[in-house]
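To keep things clear, I will list the structure first and then write my remarks on it.
The basis for the numbers below is simple: all heavy atoms, side chains too, and nothing from hydrogens, waters or symmetry mates. The shown structure was predicted, so the numbers you read here are calculated from the model rather than taken from an experiment.
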Amino acid sequence: MTGDRVWSGRFSTAPAGAAHALGSSLRFDVRLASQDVEASIAHVRALEDVGLLSAEDAKSLEAALADVGHEIAEGRLGFDERDEDVHSAIERAVTDRLGELGARLHAGRSRNDLVITDLRLWLMAAGRAIERETVGLIRVLVEHARGHAGDPLPGMTHGRAAQPVTLGHHLLAHASGLARDLERLEGWSSRASTSPLGAGAIATSTLGLDPDMTAARLGFHRAFANSIDAVSDRDVVQEFLAVAAILATHVSRLAADLLRWTDPSLGWAELDEAYSTGSSMMPHKRNPDTAELARAKAARIAGDFATVTALLQGLPLGYHRDLQEDKEPVLDAADTLERVLPALTGAVRTVRFDTEAMRAACEDEGLYATDLAEALVKSGVPFREAHRRTGALLKGLAERGSALRELGSEEWAAFGVPHGRTLLDPDRSIAARSGPGGPSRASVEHQAEMLEAFLDARPIQP
């Protein structure tokens with residue numbers, strides 16, 4: 001026999017062992033147990049609303065569902081071979097307790113609408129946790145930025161020194177990207193807040209259930225608009241993974257800067273020992289493993305996004321068992337971010353910056369080439385000519401092994417910038433860039449204020 005599975009009426013033979021092993025998802029979707037209980041209780045109330053359950057029966061079902069949920073959470077529920085997934089396991093456990101009453105639970109619903117309801121509930125909770133951790137990381141960056149609004153370091157392009165900026169300016173660049181991630185999470189959450197429960201297998205039911213009331217009971221903003229779409233589409237998963245992949249990319253770039261700055265050959269910063277590890281062979285090593293792993297995890301989450309995108313492309317409408325494969329990647333991505341974000345936040349909070357080493361690196365005269373060219377522009381020289389003239393000056397100095405700081409007043413006058421030597425100063429260069437979004441102290445402080453106001457207005461805080 002079929003082992004009394006939830007679909008066994010049409011069958012006379014149990015699934016082959018290998019087929020059951022392939023199809024079973026209980027090992028990972030058991031994590032949706034609390035959401036399945038929550039959705040099931042909302043469904044019980046919907047059945048009561050239309051007179052398919054008495055108030056007493058509804059109360060008994062709710063109590064049994066809650067008990068089963070507690071047993072799963074505490075690891076006390078015994079699963080058996082009939083349990084293909086968490087949804088059938090919970091229904092089976094309730095029916096074992098209540099008999100015929102438990103068998104009424106599934107009226108008007110399918111695992112098709114139930115599974116995506118559970119997953120949406122789980123993802124929305126995960127999104128809130130990730131948002132909370134991201135807010136915490138941004139606040140740490142802003143705090144450091146305020147403390148280093150006037151500390152210069154070389155800004156880089158192509159991995160080479162470009163122009164002077166400040167440490168605060170650079171840290172707020174990372175914070176700005178993470179702030180956009182919060183906006184993406186917020187937009188995703190708004191779209192994700194749609195209840196599929198009541199869509200059934202594909203075409204709702206004839207029982208007169210009210211999906212809007214069920215949505216409200218579950219805390220969703222709205223119910224589904226189209227039952228086929230409700231059970232078929234997984235763009236809620238795909239979009240979550242896209243947002244997660246972009247967030248992980250921003251995190252990886254921050255980690256990459258930490259790794260560069262803490263490289264002893266540069267010596268601009270040092271990670272706290274609590275966020276470093278040692279070598280099993282080399283006694284002197286302090287390895288920046290936290291930052292390295294934060295950098296690497298972005299690839300893993302991008303892979304999760306690619307997996308679900310490949311899974312969905314070309315899939316016809318209607319539920320397909322293929323969609324079972326959405327859960328492991330999205331659970332993995334959420335778990336990964338929830339591990340990475342607090343670890344990297346701690347590393348950033350405790351990092352020690354060597355601002356004197358950063359300032360010393362600003363002795364590189366190439367950092368001020370643009371200042372020289374713009375000084376010529378201010379005197380009326382077309383920019384392309386100013387660019388050419390400055391480049392030629394630097395080339396000539398390099399060929400004879402000389403430097404800008406060695407030029408005399410007559411040479412500066414001949415170049416067209418009599419005060420040129422005064423331009424070779426990071427504080428002056430930074431202060432001169434006082435426009436919105438730039439590296440000057442006033443601009444950095446304004447950027448920090450805007451980010452703090454943005455964070456303060458958010459409902460989710462660390």
Between Ser227 and Ala199 (side chain of the first, backbone of the second, donor and acceptor by atom type, cut-off under 3.5 Å), is there such a pair? no

May I ask you to say whether Asp29 pairs ionically with Arg111, meaning some side-chain N is under 4.0 Å from a carboxylate O? no

Are a donor atom and an acceptor atom from the side chains of Arg359 and Thr355 found within less than 3.5 Å of each other? no

Which is it for Trp412 and Leu423 under the side-chain contact (heavy atoms from CB on, under 4.5 Å) test, yes or no, and what are the steps along the way? CA-CA 11 Å; Trp412 279 117; Leu423 301 182; over 6 Å; no

So for atom CE, which belongs to Met124, do other residues, nucleotides or ligands contribute more than 12 heavy atoms lying within a distance under 6.0 Å? yes

Using only atom types and a distance under 3.5 Å, with no angle test, would you say the side chain of Asp113 pairs donor to acceptor with the backbone of Leu197? no

Side chain of Ser440, backbone of Ala431: donor and acceptor closer than 3.5 Å? no

Heavy-atom side-chain proximity of Leu424 to Leu367 below 4.5 angstrom: no

For Thr194 and Arg222, what are the C-alpha separation, side-chain angles and deciding distance, and is it a side chain to side chain donor-acceptor pair (under 3.5 Å)? CA-CA 5 Å; Thr194 300; Arg222 68 193 74 82; 2.7 Å; yes

Quick one: does His169's side chain have a donor or acceptor within less than 3.5 Å of a partner on Gly437's backbone? yes

Would you sort out whether Leu119 and Val237 count as a side-chain contact (heavy atoms from CB on, under 4.5 Å), showing the intermediate values? CA-CA 9 Å; Leu119 188 54; Val237 175; 3.7 Å; yes

Are Arg300 and Asp332 within salt-bridge range, i.e. N to O under 4.0 Å? yes

Ignoring hydrogens and angles, tell me if any N or O in the side chain of Arg433 forms a donor-acceptor pair with the backbone of Ser429 under 3.5 Å. yes

Side-chain H-bond candidate by donor/acceptor type, Ser40 with Arg109, under 3.5 Å: yes

How about Gln35 and Arg120: does a side-chain donor come under 3.5 Å of a side-chain acceptor? no

Measuring only between side-chain heavy atoms, which start at C-beta, is Val115 closer than 4.5 Å to Asp85? no

Would you say that more than 12 heavy atoms from the other residues, nucleotides or ligands in this model lie under 6.0 Å from the NE2 of His446, or not? no

Do you know which two heavy atoms are closest between Arg400 and Glu411, and how far apart they sit? NH2-OE2, 3.6 Å

When you check the gap from the basic side-chain N to the acidic O, do Lys395 and Glu399 get nearer than 4.0 Å? yes

Just wondering, are more than 12 heavy atoms of other shown residues or ligands nearer than 6.0 Å to CD in Glu410? no

Any donor-acceptor pair under 3.5 Å from His144 side chain to Val348 backbone: yes

Arg286 bridged to Glu270 by N-O distance under 4.0 Å: yes

Give the ring-plane orientation class for Trp261 versus Trp268, where under 30° counts as parallel, over 60° as perpendicular and anything between as tilted. tilted

Do the non-hydrogen side-chain atoms of Asp322 and Leu312 ever get within less than 4.5 Å of each other? no

Assess whether a salt bridge exists between Glu183 and Arg180, defined as any Lys/Arg side-chain N lying under 4.0 Å from an Asp/Glu carboxylate O. no

Which of these, Ile460, Leu455, Leu337, Leu247, sits in a side-chain contact (heavy atoms from CB on, under 4.5 Å) with Thr134? Leu247

Under the rule for ring-ring contact (aromatic ring centres under 6.0 Å, His included), what residues qualify as partners of His43, not counting sequence neighbours? none

Would you say Ser193's side chain and Ser190's backbone share a donor-acceptor pair under 3.5 angstrom? no

Is there a donor in the side chain of Asp151 and an acceptor in the side chain of Thr166, or the other way round, less than 3.5 Å apart? no

Taking the side chain from Asn287 and the backbone from Asp289, do they hold a donor-acceptor pair closer than 3.5 Å? no

Cut-off 3.5 Å, side chains only: do Thr345 and Glu133 have a donor facing an acceptor? no

Backbone of Glu363 reached by a side-chain donor or acceptor of Arg405 within 3.5 Å: yes

Test: Arg428 and Asp371 ion pair at under 4.0 Å: yes

Working for side-chain contact (heavy atoms from CB on, under 4.5 Å), residues Phe415 and Leu393: CA-CA 8 Å; Phe415 177 67; Leu393 173 64; 3.8 Å; yes

Should the heavy atoms of other residues, nucleotides or ligands under 6.0 Å from CD of Glu328 be counted, would the total exceed 12? yes

Would Arg139 and Glu452 pass as an ion pair if we require N to O under 4.0 Å? no

Nearest atoms (heavy-atom pairs only) where Phe224 meets Ala230: CB-CB, 3.6 Å

Smallest separation among heavy atoms of Ser276 and Asp272, with atom names: OG-O, 3.1 Å

With the side chain counted from C-beta on, respond yes when Leu172 and Leu141 share a heavy-atom pair under 4.5 Å apart, and no when they do not. no

Applying side chain to side chain donor-acceptor pair (under 3.5 Å) between Gln238 and each of Thr309, Asp326, Asp233, report the one that passes. Thr309

Who are the ring-ring contact (aromatic ring centres under 6.0 Å, His included) partners of Trp188, not counting sequence neighbours? Phe240

Salt-bridge contact Arg260-Asp263 (side-chain N to carboxylate O under 4.0 Å): no

If we ignore angles and hydrogens, is there a donor and acceptor under 3.5 Å between the side chains of Thr370 and Glu374? no

Arg160 atom CZ, neighbour heavy-atom count above 12 within 6.0 Å: no

Shortest non-hydrogen contact from Val417 toward Leu376: CG2-CD2, 3.6 Å

Flag the pair Glu239 / Arg191 as yes when at least one side-chain heavy-atom distance between them is below 4.5 Å, and no otherwise. yes

Under 3.5 Å side-chain donor-acceptor pair for Ser88 and Glu84: no

